[in-house]
Each structure stands twice: as C-alpha cells, then as structure tokens.
**Q** 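Quick one: the structure is below, and I'll ask about it shortly.
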Amino acid sequence: MQGSVHTLIRTQIDKATANAIVRNPAYLDDEQLSREGQFAVLTEIFNANVRDREIRDVSSHFAPMFQNGHPVHLSVLGKTGTGKTITILYLLHEFEELCRERRIPFRQYHLDLCCAVPCFRALNNLACLMGASKYYKRGISLDDLMLAIEKHLRSVSGYVTVFIDESDNIRTDADSFYKFLIKRLPQRIEGKLILVFASNRLNWADNLDPRIKSCLKMRETIFDPYDATDLQTILEIRVTKALRAGMMDEGVVPMIAALSSRNHGDARKAVDLLTRSAQLAEKQCQHITLDAVRQASEEIERDKYVTLIRTGPKHLQAALYAALLGSEKRPKSLHTGDAYLLYDHFCGAVSLRPLTQRAFSDLLSELDMYGFIRARTVSRGRYGRSKEIHIAVAAPVVAELKSTILACFGMVGPVVTRR
DNA sequence: TGTCCACAGGAAATACGGGGGT
DNA sequence: ACCCCCGTATTTCCTGTGGACA
C-alpha cells in the first residue's frame with residue numbers, strides 16, 4: 001500500500017510539472033521583480049517602440065538640464081495602467097546616469113501618494129525620503145517640516161527632481177502642500193527644483209488655489225491607453241520570459257490584447273488576464289486555449305464585482321442584497337419602495353440601523369454606477385414615479401454576490417426576514 | 001383637463017469623527 | 001488631555017415630475 005502512495009505522489013508531481021506553464025511567475029507580476037528587473041523588462045518593451053512618443057516628449061523636456069538650463073515642471077497625465085509611474089522612474093533613472101557621466105549634480109525623489117494623505121503626511125513622507133526628518137505621527141507643525149526640508153536642501157546644488165506620484169491624492173490642504181513646493185521652496189534653495197506630477201485626473205490642478213496655479217509653470221504630457229498592438233508587444237515579451245515555450249495556442253496573445261485594449265487599455269490588467277488564463281490552463285492540464293482566456297476573463301469580471309462589494313460600505317452591501325432578493329421575487333417591476341422595505345428587514349436581521357429612504361435612493365444610484373443593477377426612473381402614472389430596478393450581472397455572479405454579502409455580515413444561510 | 005401618486009433629487013441642517021493645535 | 005475645526009455622511013425638508021385615471 002505504501003508503495004502505491006509513493007507512486008501516487010510521484011506521478012502527481014510529475015504530472016503537475018509536466019503541465020506547468022508558468023516558468024517564471026515574477027515576470028507576470030512586477031511587484032516580485034527588483035527595480036533592475038523591472039527596468040530590464042521595460043528596456044525591451046521600449047526598444048519595441050512602445051511609448052516612443054512619450055519618451056521623446058519627456059526627454060526633450062528635460063534636455064535643457066544638460067545645457068545648464070532649467071526645465072519647467074512636468075505634469076504626466078493618463079489613466080491607470082498606462083505606465084506613467086514606471087516610465088517616469090525609468091527616465092529619471094536614465095537622466096541620473098547621464099548626469100553622472102557628465103558630472104552634473106542631480107538627485108531625484110519619488111513621493112508616492114498611493115493612498116489619500118493629508119498635507120502633513122505628504123510633507124513628512126517627503127522629508128523622510130530626503131532624510132531631512134524622522135517619521136512623525138503628529139505633534140510637529142507643518143512649518144517645522146517645511147523648514148526641515150529647506151534646511152536639508154539648502155546645501156544641495158544642481159538639479160533636484162521631485163516626482164509626485166498620484167498628485168491629486170492629497171486629502172486635506174493640498175494648497176499648503178503645493179504652495180510650499182511651487183512658491184516657497186524654489187526661492188529658498190540654491191539648486192534648481194523640477195517637479196514632476198503624475199495623476200490619472202486630467203484636471204487635478206484645477207482644484208488648486210488660483211494664486212498657486214498661476215505661478216505653476218508646467219508642461220503637460222498625456223499617456224494614452226495602450227492600443228492592441230502595444231499590448232501585444234508587451235504581452236509577447238512577458239510570455240517569452242515567464243512561460244514555457246509552446247504551451248499556448250495560436251491567437252491567444254492577440255485575443256488578450258484585443259480584449260484588453262477594447263475594455264481598458266491597461267497593461268497591468270492585460271498581464272493579469274494572461275496570468276489567470278495560464279493558471280486556469282494549468283489546472284485543466286492543457287495548453288492555454290482561447291477558451292481558457294474567455295473563462296479567465298469571466299472569472300476576473302466576477303471577482304471585480306465580488307471584491308467591490310466585499311470591501312464596500314455595509315449599507316451598500318445591504319442595499320444590494322435587498323435589490324437582488326427583490327428582483328428574484330419580482331423580476332419585472334421592483335421599485336424603490338419595495339426594495340427599501342426589503343432593505344429595512346435585512347437591516348433588522350443583521351442589526352444594522354437602516355438609513356432613510358432618501359439615502360437608500362442614493363445607494364441605488366451608486367449600485368447602478370458600479371454596474372450591479374440598472375435603476376432607471378419611470379413614471380407609473382397615478383402610481384407615482386419611482387426607480388425600476390433590474391439586475392445587471394449574470395446569474396452565477398448573483399449567487400456569489402449574495403453569499404459574499406451574507407459572509408460579510410457573518411451569516412451563512414439565506415436571511416429569514418420576519419413580518 | 002385637472003388631480004394625484006410615489007417617489008426623484010436638490011439644498012440646507014445636523015451628526016459624526018478624526019486630525020491638528022494648544 | 002482637551003478643544004476646535006473641517007470634511008464627510010446622513011437626515012430633514014422641500015419642490016418637481018410624467019403619466020394613469022376620473
């Protein structure tokens with residue numbers, strides 16, 4: 001008997017290795033790569049003429065630096081997944097090298113405001129990057145932080161580049177932060193300050209105080225979403241690095257590229273689709289087929305909804321549950337009032353204080369915006385005006401959403417509403 | 001043609017909570 | 001530790017509305 005278990009384990013391992021498609025998963029997930037690794041992949045991608053215009057644009061913008069000039073600030077705009085951050089980091093790294101060769105003093109800092117932070121946090125993080133101050137939770141004034149940064153930079157000559165990633169992500173008092181960077185800091189330091197902003201909101205600077213905005217001299221460059229050709233190039237480079245050769249049907253990469261460019265033009269999502277397809281194919285012990293891509297795409301779509309609702313506010317979850325439940329009972333005509341009643345009961349069952357109907361109406365609009373439901377306002381004559389609610393997601397997703405919501409409230413079975 | 005339903009959705013008021021100053 | 005301020009969430013109040021029905 002023992003022998004058979006050993007054989008089983010061995011054959012299973014052999015089988016799994018024989019079916020392995022992913023050879024080097026790091027190349028499917030940049031997080032797992034070192035900065036050098038990322039740059040190496042990027043070099044290949046850029047060499048294939050992807051992001052050519054943007055590279056020319058930014059390079060020529062920084063060119064005056066090599067003739068003792070002073071480039072104005074730069075604003076890099078574009079949707080998520082268009083490679084703004086990594087391209088800028090790459091270019092700044094290149095500029096740094098070039099400056100070293102030509103003995104031009106240059107230093108760069110990358111301030112990543114990946115989550116919304118108040119002015120204090122942003123300044124403190126910047127000061128920490130520069131080594132100008134320690135990390136404070138609180139208890140130090142904004143002015144002290146600014147002084148620390150000034151003091152640190154006062155002795156620095158040459159070019160100082162500060163790359164402010166997600167520059168629209170300053171939650172409170174963005175004006176003070178930018179007033180400091182744009183108006184005050186350049187006057188108090190000897191070096192030449194160049195700010196690089198990146199944002200996925202085209203009009204992020206519009207919210208700034210007009211006085212600050214007026215003295216913000218900057219040039220804008222826009223990163224367009226990748227088109228199918230670009231995505232195909234990017235995917236092919238990743239495929240050769242990450243996957244075993246010959247494990248993929250013809251047309252898989254073009255299909256992923258086409259789907260992704262049509263839906264979002266986001267390279268990260270395209271690579272994600274490739275990864276999911278590969279994993280799915282591995283599980284099914286076959287090559288990556290067009291069908292696997294289709295399945296993976298559906299899986300991602302489903303996950304998107306499920307994570308959206310799982311991480312969303314409680315009341316939104318409750319409202320969606322009510323809408324799903326109500327639509328089953330009355331697939332054709334679920335109106336706001338009925339849905340609110342169900343919501344009210346659900347809240348009672350999970351001991352959540354229900355919001356008013358006015359707020360519930362806004363929740364429905366939000367669910368509509370996210371694409372869970374379609375809620376259009378209709379007039380039923382003397383029976384009043386109301387929203388008509390239809391489910392906008394496929395049946396399997398509905399089931400998953402319902403169990404997810406119940407799990408969020410710590411329940412397993414369907415809720416028994418009393419009345 | 002006027003009425004009236006059952007809400008939509010805007011605006012103002014109010015509650016709440018967290019961060020920063022003292 | 002305490003207070004104040006400010007941004008956000010929610011409630012309250014209100015006006016508007018399209019079409020069935022009498």
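Since we're looking at a predicted model, the values are computed, not measured. Labels below follow one simple rule: chain letters A, B, ... track the order of the sequence lines, proteins then strands, and each chain is numbered from 1.
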**Q** Quick one, give me the B/S/- string for nucleotides 15-22 of chain C, reading 5' to 3', where B means a protein heavy atom under 4.0 Å from the base and S means that only happens at the primed atoms, P, OP1 or OP2.
**A** --BBBBS-
**Q** Identify every side-chain donor-acceptor pair in residues 92-103 of chain A under 3.5 Å, counting partners at least two apart or on other chains, and give the distances.
**A**
{"from": "A:Glu96", "atom 1": "OE1", "to": "A:Gln108", "atom 2": "NE2", "distance (Å)": "3.2"}
{"from": "A:Glu97", "atom 1": "OE2", "to": "A:Arg100", "atom 2": "NH1", "distance (Å)": "3.1"}

**Q** Distance under 6.0 Å and angle within 45° of the ring axis: does A:Lys241 meet both against A:Tyr27?
**A** yes
**Q** Side chains of residues 390-407 of chain A: which donor-acceptor pairs under 3.5 Å do they make with residues two or more places apart or in other chains?
**A**
{"from": "A:His390", "atom 1": "NE2", "to": "A:Glu388", "atom 2": "OE1", "distance (Å)": "3.2"}
{"from": "A:Glu400", "atom 1": "OE1", "to": "A:Arg302", "atom 2": "NE", "distance (Å)": "3.0"}
{"from": "A:Lys402", "atom 1": "NZ", "to": "A:Glu328", "atom 2": "OE1", "distance (Å)": "3.3"}
{"from": "A:Lys402", "atom 1": "NZ", "to": "A:Glu328", "atom 2": "OE2", "distance (Å)": "2.8"}
{"from": "A:Ser403", "atom 1": "OG", "to": "A:Ala399", "atom 2": "O", "distance (Å)": "3.3"}
{"from": "A:Ser403", "atom 1": "OG", "to": "A:Glu400", "atom 2": "O", "distance (Å)": "3.0"}
{"from": "A:Thr404", "atom 1": "OG1", "to": "A:Glu400", "atom 2": "O", "distance (Å)": "2.6"}

**Q** To the nearest Å, how far apart are A:Leu123 CG and B:dG20 P?
**A** 11 Å
**Q** Only counting residues at least two apart or in another chain, list the ones meeting ring pair (Phe, Tyr, Trp, His ring centres under 6.0 Å) with A:His70.
**A** none
**Q** What is the distance, to the nearest angstrom, from the CG atom on A:Leu341 to the P atom on B:dA6?
**A** 13 Å
**Q** Counting distance only, does the side-chain N/O of A:Thr240 pair as donor-acceptor with the main-chain N or O of A:Ile237 below 3.5 Å?
**A** yes
**Q** Give the rounded distance in Å between these two atoms: OH of A:Tyr343 and C1' of C:dT10.
**A** 11 Å
**Q** With sequence neighbours left out, what residues match A:Arg358 under salt bridge (charged side-chain N to carboxylate O under 4.0 Å, His left out)?
**A** A:Asp362
**Q** Starting from C1' on B:dG19, measure out to CG on A:Asn124 and report it in whole angstrom.
**A** 14 Å
**Q** Using a cut-off of strictly less than 4.0 Å, decide whether A:Lys387 has a side-chain nitrogen or oxygen near OP1 or OP2 of B:dA6.
**A** no
**Q** Tell me the closest heavy-atom pair linking A:Leu355 and A:Tyr343, and the distance in Å.
**A** N-OH, 3.1 Å
**Q** Distance check needed: B:dA6 C1' versus A:Leu334 CG, whole Å only.
**A** 14 Å
**Q** For DNA chain C, what residues of residues 355-367 of chain A have any heavy atom nearer than 4.0 Å?
**A** A:Leu355, A:Thr356, A:Arg358, A:Ala359
**Q** I need the full list of salt bridge (Lys or Arg N to Asp or Glu O under 4.0 Å) pairs touching residues 252-270 of chain A, with sequence neighbours left out, sorted by first then second residue.
**A** none
**Q** Mind checking what makes ring pair (Phe, Tyr, Trp, His ring centres under 6.0 Å) contact with A:Phe46, not counting sequence neighbours?
**A** A:Tyr90
**Q** If we fit an axis to the first five pairs and another to the last five of the helix from B:dT1-C:dA22 to B:dT22-C:dA1, what angle do they make, to the nearest 10°?
**A** 10°
**Q** Go through residues 307-316 of chain A and report each residue with a non-hydrogen atom lying under 4.0 Å from DNA chain B, sorted by number.
**A** none
**Q** Which atom pairs, one a donor and one an acceptor, fall under 3.5 Å between side chains of residues 291-298 of chain A and the rest of the protein, sequence neighbours left out?
**A**
{"from": "A:Asp291", "atom 1": "OD1", "to": "A:Arg294", "atom 2": "NH1", "distance (Å)": "3.3"}
{"from": "A:Gln295", "atom 1": "OE1", "to": "A:Gln284", "atom 2": "NE2", "distance (Å)": "3.4"}

**Q** Would a line drawn from the ring center of A:Tyr321 to the ring center of A:Phe346 be shorter than 6.0 Å?
**A** yes
**Q** Testing the basics here: between A:Phe163 and A:His110, what is the closest heavy-atom pair and its distance to 0.1 Å?
**A** CD2-CD2, 3.4 Å
**Q** Under 3.5 Å, which donor-acceptor pairs do the side chains of residues 364-374 of chain A form with other protein atoms, sequence neighbours left out?
**A**
{"from": "A:Ser365", "atom 1": "OG", "to": "A:Ser361", "atom 2": "O", "distance (Å)": "3.1"}
{"from": "A:Ser365", "atom 1": "OG", "to": "A:Lys387", "atom 2": "NZ", "distance (Å)": "3.1"}
{"from": "A:Asp368", "atom 1": "OD2", "to": "A:Ala375", "atom 2": "N", "distance (Å)": "2.7"}

**Q** What integer distance in Å separates A:Ile389:CD1 from B:dA6:P?
**A** 16 Å
